[in-house]
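Letters A, B, ... mirror the listed sequences (proteins, then strands); counts begin at 1.
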There are 2 protein chains.
Amino acid sequence: MTQTDPIIAVLDLGGYRLTAPRRAIAALIAGYGGHFTAAELELAARERRLGLSRATLYRALDLLIELGVIERLDLPGGDHAYVPCARAHHHHVVCSRCGRTAEVTDSGVAEAVAEIAHQTGYEISTHRLELFGLCRHCQVKTALDA
Amino acid sequence: MTQTDPIIAVLDLGGYRLTAPRRAIAALIAGYGGHFTAAELELAARERRLGLSRATLYRALDLLIELGVIERLDLPGGDHAYVPCARAHHHHVVCSRCGRTAEVTDSGVAEAVAEIAHQTGYEISTHRLELFGLCRHCQVKTALDA
DNA sequence: CCTCTGTCTAGACTGAGTCGCAATAATTAT
DNA sequence: ATAATTATTGCGACTCAGTCTAGACAGAGG
Ligand SMILES: [Zn+2]
Ligand SMILES: [Zn+2]
Ligand SMILES: [Zn+2]
Ligand SMILES: [Zn+2]
């Protein structure tokens with residue numbers, strides 16, 4: 001609601017036009033706690049009669065990725081999902097039951113990467129780390145189900 | 001040529017039928033040093049007049065993944081590729097220029113994962129780490145191009 | 001306001017991957 | 001060897017994500 005939507009802010013800063021579709025998409029994204037898929041966004045948009053075309057949706061996602069305010073995850077099953085996130089390098093832990101995500105820093109990973117570079121002789125420029133498991137919430141629920 | 005194709009061996013061990021299409025696919029895969037895509041396999045099969053249907057190809061890939069003799073990579077650009085590999089848990093470093101891959105163990109990563117679990121409270125069950133950079137070969141080539 | 005141009009819509013299109021089912025062939029039993 | 005069993009294949013139609021094009025539209029700045 002407030003002017004402080006980080007996505008809008010970044011778009012503005014980047015000199016991109018603050019159009020109605022982009023504002024709508026930003027609002028939808030802000031509504032998700034964890035990850036969301038393109039299909040979910042599309043459905044949500046349709047339900048709310050926002051009238052955005054698929055093309056616009058995908059272009060917006062591409063742009064937001066480029067700007068680093070969302071990131072694409074490749075779920076173990078092969079599906080693609082997105083998470084809103086900070087722009088510095090980091091990774092995500094995804095709850096495989098409810099989808100909640102948490103960001104984590106490279107703590108410790110950097111050393112491992114350096115070690116790997118040394119062992120293999122590769123000059124490593126990028127890496128992606130994705131972690132999957134149960135969030136606290138779902139750990140409890142699972143315990144109760146037993 | 002020899003009976004020692006690891007893919008065939010694993011299929012046999014798992015009690016799966018050693019059919020002509022599977023043998024053909026195993027042979028094709030063995031021919032790749034680094035990663036390959038489903039489309040590449042399909043093309044190679046068509047060129048050699050092997051007459052396998054797409055469905056069979058994809059079913060075979062799924063099976064081989066399940067058996068752990070190949071693994072699916074999600075390239076940064078969003079494409080999917082596969083690498084033949086050992087069955088124990090490990091990760092891949094992919095040369096972003098020539099596609100050569102190397103396997104690396106969890107050395108160091110495990111600690112980082114434990115630390116992340118502790119920090120976030122998630123009970124982490126799986127993780128995927130993919131590294132991208134230049135292999136030794138391509139480092140040299142790049143240096144010469146300068 | 002008016003213009004310039006970035007962005008949007010609609011809908012056709014592509015290409016990866018899937019599905020159901022009849023035909024085929026690797027195993028197993030006889 | 002032959003027949004019976006059933007996993008696997010091929011086909012072709014299908015779905016669905018994502019892309020593309022071209023004309024209409026609407027921000028931002030003057
Ligand atoms: Zn959860
Ligand atoms: Zn990292
Ligand atoms: Zn290389
Ligand atoms: Zn690992």
Side-chain angles (χ1 to χ4, degrees), chain A residues 3 5 7-28 35-67 70-82, chain B residues 3 5 7-28 35-46 48-67 69-82:
Chain A
Q3 182 57 268
D5 185 324
I7 294 183
I8 297 297
V10 170
L11 281 173
D12 196 10
L13 225 75
Y16 294 91
R17 290 190 185 171
L18 268 20
T19 68
R22 283 177 179 162
R23 287 176 193 278
I25 291 170
L28 285 180
H35 60 194
F36 56 90
T37 65
E40 283 167 356
L41 269 194
E42 194 185 338
L43 179 64
R46 188 137 22 86
E47 280 174 349
R48 302 185 193 190
R49 308 277 190 284
L50 298 181
L52 358 129
S53 79
R54 244 194 321 266
T56 302
L57 180 60
Y58 281 104
R59 280 190 288 240
L61 288 175
D62 286 348
L63 178 56
L64 294 182
I65 286 176
E66 203 181 307
L67 292 175
I70 65 175
E71 192 167 314
R72 209 176 91 190
L73 292 181
D74 295 296
L75 269 14
D79 293 338
H80 295 158
Y82 303 84
Chain B
Q3 182 57 269
D5 185 323
I7 293 182
I8 298 297
V10 170
L11 281 172
D12 196 9
L13 225 76
Y16 293 92
R17 291 188 183 172
L18 270 17
T19 69
R22 283 176 179 163
R23 287 177 192 278
I25 290 170
L28 285 180
H35 59 195
F36 56 90
T37 65
E40 283 167 357
L41 269 194
E42 193 185 339
L43 179 64
R46 187 138 23 85
R48 303 184 193 190
R49 309 276 190 285
L50 298 180
L52 1 127
S53 78
R54 242 194 323 263
T56 302
L57 181 60
Y58 282 104
R59 281 188 286 234
L61 288 175
D62 285 349
L63 178 57
L64 294 182
I65 287 175
E66 203 180 306
L67 292 175
V69 287
I70 64 175
E71 191 167 314
R72 211 176 91 188
L73 292 181
D74 295 297
L75 269 13
D79 293 338
H80 295 158
Y82 303 84

Is it true that a side-chain atom of [X] and a backbone atom of [Y] form a donor plus acceptor pair closer than 3.5 Å?
X	Y	value
Arg72(A)	Ile65(A)	no
Arg54(B)	Glu42(B)	no
Arg49(A)	Glu47(A)	yes

Assuming nearest nucleotide by heavy-atom distance, tell me which of Tyr58(B) and Thr56(A) is located more 5' along DNA chain C. Thr56(A)

Nearest heavy atom decides the nucleotide; on that basis, is Tyr16(B) or Leu57(A) closer to the 5' end of DNA chain C?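 By nearest-heavy-atom nucleotide position, the 5'-most residue is Leu57(A).
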
Grab the two heavy atoms, one from Tyr82(A) and one from Ala38(A), that are nearest each other, plus how far apart they are. CE1-N, 4.0 Å

Minimal non-hydrogen separation, Asp5(B) against Ala27(B), with atom names: OD2-N, 4.3 Å

Nucleotide [N], atom [atom2] - distance to [atom1] of [X] in whole Å:
X	N	atom1	atom2	value
His80(B)	dT18(C)	NE2	C1'	15 Å
Glu40(B)	dA16(C)	CD	P	12 Å
Glu42(B)	dG15(C)	CD	C1'	10 Å
Leu52(B)	dA25(C)	CG	P	14 Å
Leu50(A)	dC8(C)	CG	P	13 Å
Leu61(B)	dA16(C)	CG	P	13 Å
Asp74(B)	dA16(C)	CG	P	16 Å
Arg54(B)	dT18(C)	CZ	P	11 Å

Check every nucleotide of DNA chain D for an atom under 4.0 Å from a heavy-atom of chain A, then give the first and the last such nucleotide from 5' to 3'. dA17(D) to dA28(D)

When the ring planes of His80(B) and His80(A) are compared, do they come out parallel, tilted or perpendicular, using 30° and 60° as the limits?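 Plane angle over 60°, so perpendicular.
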
Give one of base, sugar-phosphate or nothing for [X], where a contact means two heavy atoms less than 4.0 Å apart.
X	value
Ala38(B)	sugar-phosphate
Arg22(B)	sugar-phosphate
Thr19(A)	sugar-phosphate

Among dT7(C), dT18(C), dA25(C), find the nucleotide with the atom closest to the side chain of Arg17(B).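 The nucleotide sitting nearest to the side chain is dA25(C).
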
Rounded to the nearest 0.5 Å, what separation is found between the CG atom of Leu52(B) and the CG atom of Leu28(B)? 7.5 Å

